[in-house]
Amino acid sequence: MTDHQSLGAGPAVERRTIDVIPDAERHGTPRSQFTLWFGANMQITAIVDGALAVVFGADALWAIIALLIGNVLGGVVMALHSAQGPRLGLPQMISSRAQFGVLGAVLPLLLVVLMYLGFAATGSVLAGQALGRILHVPATAGILLFGLLTVIVAVTGYRLIHTVGRIATVIGVCGLGYLLIKVFTTYDVGAFVGVKGFEAPTFLLAVGLGAAWQLTFGPYVADYSRYLPRSTSERSTFWGTFLGSVIGSQWAMSLGALIAAVSGAVFVGDQVGFVGELAGPAAVALLIYIVIVVGKLTVNTLNAYGGFMCLLTTVTAFNGRSRVSPVVRALYIVGFTAVSVLVAIMASADFLDNFKNFVLVLLMVFTPWSAINLTDYYLISKERVDIPALYDPAGRYGRWNVTALVSYAFGVVVQIPFLAQKLYTGPVTELLGGADISWIVGLLATAALYYPWAKRTSNPPAEMIYPSTEPVAERTRS
């Protein structure tokens with residue numbers, strides 16, 4: 001019985017990890033990408049992200065417009081990563097070995113793991129608070145229970161993750177749709193929206209919040225499109241991912257901007273409690289808390305699954321393996337989730353605030369990585385990858401790729417003068433009135449250096465090279 005057959009009847013435990021997904025185990029349609037990413041974005045942290053744009057000084061109307069621009073720009077980058085999945089059949093960070101080298105890819109991986117650990121921890125706090133209110137137990141107990149739920153879904157793997165995503169889509173539409181109606185029926189929204197003029201710094205800040213939200217999905221988005229049939233067109237994969245992520249995040253962030261406008265900083269101080277009070281009667285509030293838990297479960301599972309993939313990619317760069325047993329896979333996920341739960345339990349409000357700022361600083365590692373990966377895949381290699389060489393330090397891609405590593409370091413450093421973080425504000429940012437455009441600089445500057453250099457130094461194969469045991473069935477080019 002093949003893996004595909006064994007998984008066909010239901011959400012059996014996933015057996016694949018960082019190895020290529022064979023054609024016999026491919027399944028699904030790009031529609032699954034829409035529901036997964038829509039559900040993953042219809043959640044309370046996205047609401048908070050949108051609210052922050054207003055808390056930082058933007059008018060709600062201008063904040064919503066700016067968030068849309070940021071979500072669209074960042075969503076394009078994110079969806080271009082997703083479009084690689086069906087053709088390669090690989091996790092996202094394994095494919096980056098084609099640019100950085102088998103060992104060189106470890107450098108951004110370590111920071112990626114740290115960042116997703118931070119997101120998992122902060123998400124566990126919010127979901128733990130919601131579970132605590134549902135079960136009438138302390139938030140600590142809620143965090144522990146939420147960690148257990150995350151482990152169950154992440155260990156089971158790909159199919160169950162997509163199932164939870166579909167459930168989150170339906171629940172999210174109902175829950176966040178209801179909250180949007182409650183905002184307009186409870187408050188005079190018109191009196192709080194459009195009361196400030198356009199301000200470039202706060203507008204660009206909101207654009208950055210939206211773009212950064214999307215860019216954080218880049219290192220693992222292809223993990224969830226790699227099971228699609230190889231014949232799946234890039235265009236359909238791109239649009240399924242892009243529309244699901246952008247529509248879901250924009251809906252949640254717009255709701256957050258409106259809530260912040262009518263409530264001030266009260267919502268940011270107690271997000272879960274405020275949403276429950278906004279919902280109304282206790283029975284309805286209970287349902288909204290369930291919406292929060294399901295939404296956070298979807299994205300926290302992505303963090304745990306993606307964190308596991310990144311850790312495994314790091315370890316296997318040194319031991320040369322391409323597969324691990326289901327037991328080892330489960331241990332990775334349990335370990336990652338346990339650390340995130342421990343951080344969440346130990347965290348005070350001040351700690352979380354500081355930790356979130358630290359995590360936001362780590363966003364600067366994503367933009368140059370994305371610039372290099374996308375530039376190489378679409379413009380240099382032109383979608384031709386020697387997959388067996390990705391697991392061989394002595395192969396085509398070698399251990400370290402100086403071109404990519406230097407370009408990456410340059411892309412990180414060049415952003416520093418443009419940063420606008422609690423820990424550091426760059427001199428150029430001060431001249432811009434506090435607007436953070438570091439992510440734009442990181443993308444453009446890295447691509448500008450990497451493209452001409454890699455054009456001269458890279459050695460892509462003449463055509464796609466798959467493992468010798470893997471039958472080749474080219475996907476539709478469109």
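Here the structure is a predicted model, which means the values were calculated and not measured. Counting from 1, the numbers follow the sequence of the chain as shown.
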Applying ring-ring contact (aromatic ring centres under 6.0 Å, His included), run through Y450 and W453 and close with a yes or a no.
CA-CA 5 Å; Y450 179 77; W453 193 357; 8.2 Å; no

Side chain proximity check, [X] to [Y], heavy atoms < 4.5 angstrom:
X: K296; Y: T45; value: yes
X: Y220; Y: C310; value: no
X: V385; Y: M464; value: yes
X: Q99; Y: I380; value: no
X: T237; Y: P86; value: yes

Test your reading of the model: is there a side-chain donor-acceptor pair from [X] to the backbone of [Y], 3.5 Å cut-off?
X: T446; Y: L443; value: no
X: Y227; Y: G85; value: no
X: N71; Y: L67; value: yes
X: Y397; Y: Y391; value: no

Would [X] and [Y] count as having a side-chain donor-acceptor pair, cut-off 3.5 Å?
X: S381; Y: R384; result: no
X: T367; Y: S370; result: no
X: N41; Y: W251; result: no
X: D223; Y: Q92; result: no

By the ring-ring contact (aromatic ring centres under 6.0 Å, His included) test, which pairs, at least two apart or in different chains, include something from residues 35-55?
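ring-ring contact (aromatic ring centres under 6.0 Å, His included) check on residues 35-55 returns F34-F38, W37-F217, W37-Y224.
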
Name of the residue among F366, W369, Y377, F238 meeting ring pair (Phe, Tyr, Trp, His ring centres under 6.0 Å) with H81:
W369

Contacts of R31 that satisfy salt bridge (Lys or Arg N to Asp or Glu O under 4.0 Å) - sequence neighbours left out
none

What do the steps show when you test T169 against R166 for side chain to side chain donor-acceptor pair (under 3.5 Å), and what is the final call?
CA-CA 5 Å; T169 294; R166 288 191 289 271; over 6 Å; no

Roughly how far, to the nearest 0.5 Å, is CD1 of I94 from CG of L88?
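Interatomic distance, L88 CG to I94 CD1, rounded to 0.5 Å: 11.5 Å.
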
